[in-house]
Amino acid sequence: MDGTGGTLGNGTGGRASTPATGGAAPAAAPERRLLRGLPWLVWRRHRTALSIGLLVTLGACALFAYERIGVMDFLDAKGSSPDAKGELLMEFQDKFNSMFSSDTSFLQFVPALVAIFFGAPLIASEQEHGTVKLVATQSTGRGRWIAATLGLPLAIAVLCTVLLSAAFTWLWSPARELAMFGDWLGGGAFESTGPVLVAMTLFLTSCGIAFGMLIKRVVAAMVATAVFSAATSLIWTEKVRVHLGTLRNYTYPFDGEGPVTPRGSIQIDDWLATADGKLFGINTCTSPEATADACRAKLGIVNRVIQYLDYPQMAGMQWLGAGILLALTVLVLGFVLWQAHRRPL
Amino acid sequence: MSDPSPWAIEADGLGKQYRRGWALRDCSFRLPAGHICALVGPNGAGKSTFLGAATRLVQPTTGTLRLFGVPVSDPAVLERVSFLAQDKPLYPRFTVAETLRLGRELNPRWDQALAERIVRSGNVPLTARIGTLSGGQRTRVAFALAFGKRPDLLLLDEPMSDLDPLARHEMSGLLMAEAAEHGTTVLMSSHMLSEIEDMCDYLIVLAEGQLRMAGQTDVLVPAHMLVTGVAVDGGVPEELRSRHTLVEARVTGRQFSALVRPQGPLSDSWEAMSPSMEEVLLAYLRSPDAPTLISDEARFDGNRETAA
């Protein structure tokens with residue numbers, strides 16, 4: 001083993017020193033020769049945080065796998081589609097609702113946690129403690145340093161979020177019509193499955209890195225990243241998410257039977273409509289009640305319209321959203337690289 | 001490029017402007033390789049800015065800087081230059097051995113045996129974390145990192161300022177010995193005039209961002225005379241002012257004393273003494289308006305013109 005370590009070792013410099021180093025160093029030198037140069041430095045600097053990230057990921061994946069056993073037992077015994085009366089839906093919620101909601105709220109916090117506790121201090125702490133002067137004056141150029149500093153942690157973030165997302169998707173998809181009352185959009189599944197978790201983590205983390213680089217103070221950068229993450233989350237849920245898909249219209253007579261949208265659809269909006277499809281707000285002609293019929297007759301309202309997003313759109317919406325986030329990530333990282341290359345940090 | 005440049009540093013019109021003004025302005029000189037050079041000046045004179053420009057930590061606003069004939073903007077310079085910043089930044093959670101490994105991983109010319117010798121001679125355990133070391137031990141590790149890189153040029157920003165006298169003595173001995181052994185050019189900024197007198201054979205004096213003096217100490221110091229005599233009308237005699245270059249003058253009672261650069265024989269009516277390096281430096285630091293003195297060897301523009 002020692003021979004192998006030595007051959008893989010650092011050429012003449014490392015070898016020549018071995019006889020002089022005495023007791024402690026030769027034992028330490030051959031270990032983890034897998035990582036060399038800048039990647040070694042980046043790993044050594046962040047090994048605690050990166051190890052915690054990997055361990056939490058593995059733990060969560062194991063938990064999801066364990067939870068899946070119970071879910072599958074339930075589904076095998078009672079079926080995976082809600083019945084007309086909703087009894088199965090309620091029974092599923094009794095057993096699994098708190099589990100699914102804590103899982104999704106954990107996963108929805110992952111991007112912000114990574115951004116605040118890992119992204120923001122990544123460069124800011126080097127600037128705050130002056131160690132950027134130390135690394136920038138070694139023989140490796142600034143460009144290679146910034147590439148390694150960004151590349152290794154972001155690669156590990158991608159690995160962890162891909163695993164988390166895959167494991168949770170595996171847990172959620174058999175029960176998707178029951179979990180979170182079948183609400184795949186607002187219930188948290190949209191952000192916790194597929195590519196969105198990965199893309200959101202990359203986007204917020206690179207923004208955190210950029211804030212850190214510009215603010216140069218760890219705590220201030222963390223606060224800025226936290227505020228930015230909250231704002232992003234709000235904009236994402238309120239303004240962006242719904243527009244990623246195409247709204248489908250379901251039209252039925254004003255006095256007719258209740259809507260029968262495809263299973264797994266998410267109802268977004270209600271309208272009143274004329275025969276030729278002109279839409280009115282749902283509160284049109286509601287008061288005074290006495291004249292409501294006359295009012296509707298005057299406007300020609302004969303139908304009700306429901307706008308909804310059907311489940312087959314979900315994957316497409318997720319990839320579109322992830323694509324937007326990844327494009328923004330590329331812009332932010334490009335800015336960070338350009339800034340670091342253009343002038344000293 | 002195959003012919004190595006004899007000049008460790010060539011600065012041509014180097015300047016750096018910050019929002020609050022010029023930190024360094026129109027700085028032109030050159031430093032031949034193999035010298036131990038002191039960079040002297042009051043706080044805010046531009047010493048750290050100059051060292052920053054030489055280590056690519058500061059982007060100059062004007063002018064160019066070449067190290068061993070290579071423009072400082074070329075990353076190839078990094079291998080040949082070591083920099084020890086004033087606060088000696090090291091990763092506090094790294095052990096000493098890991099800190100040396102950092103040097104080994106990032107520098108192709110790394111000399112592990114040399115770095116370990118420097119650390120061991122100070123009885124710094126390799127397994128200790130940097131955060132637990134004393135100031136002197138930290139400085140020693142930082143020195144080991146700087147020397148282990150085997151630089152051709154070593155830039156030190158007030159390397160001894162936070163050391164006790166014993167550690168300071170040890171470090172300056174180490175610096176002299178290592179520089180002599182490897183022929184390293186050293187440029188160190190310092191406030192310790194006595195230390196400079198012992199160690200350095202080249203001087204660069206900055207004041208208010210401008211170059212005041214540059215050259216070999218054995219040329220610069222003997223170019224000055226400390227003159228004392230009877231004051232005329234409560235001031236320095238006009239003859240001294242007009243015929244010689246006056247650096248600094250003081251009048252005490254009926255006596256004047258002045259540091260001058262004689263431009264010819266001095267009048268017999270005054271008493272002239274050779275000043276020490278410390279006296280010359282103090283005079284230049286006290287009078288930022290004194291005329292600039294750059295020795296022929298250190299003059300950048302002049303020699304280039306003759307060469308051309």
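Note: hydrogens, waters and symmetry copies are ignored here, and every other heavy atom, side chains too, is used. Chain letters run A, B, ... following the sequence lines, proteins first and then strands; every chain starts at 1.
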Handout entry: Part of B:L100 lying under 4.5 Å from any heavy atom of chain A
Key = neither
Exercise for the section: Kindly compute the distance separating OG1 (B:T55) from CG (B:L65), expressed to the nearest 0.5 Å. Expected result: 9.5 Å
Problem - Ion pair check, B:E178 and B:R117, cut-off under 4.0 Å - result: yes
Completion exercise
Okay, B:D87 and chain A: the region with an atom under 4.5 Å from a heavy atom over there is side chain
Exercise for the section: Could you tell me which of B:D111, B:V81, B:L90 has the largest number of non-hydrogen atom pairs under 4.5 Å with chain A? Expected result: B:L90
Handout entry: Region of B:V77 in contact with chain A, defined by heavy-atom distances below 4.5 Å
Key = neither
Practice task
Verify the neighbour count for atom CZ of A:R144: are there more than 12 heavy atoms of other residues, nucleotides or ligands below 6.0 Å?
Solution key: no
Practice task
Identify the residue among A:K133, A:R217, A:R45 that makes a salt bridge (Lys or Arg N to Asp or Glu O under 4.0 Å) with A:E126.
Solution key: A:R45
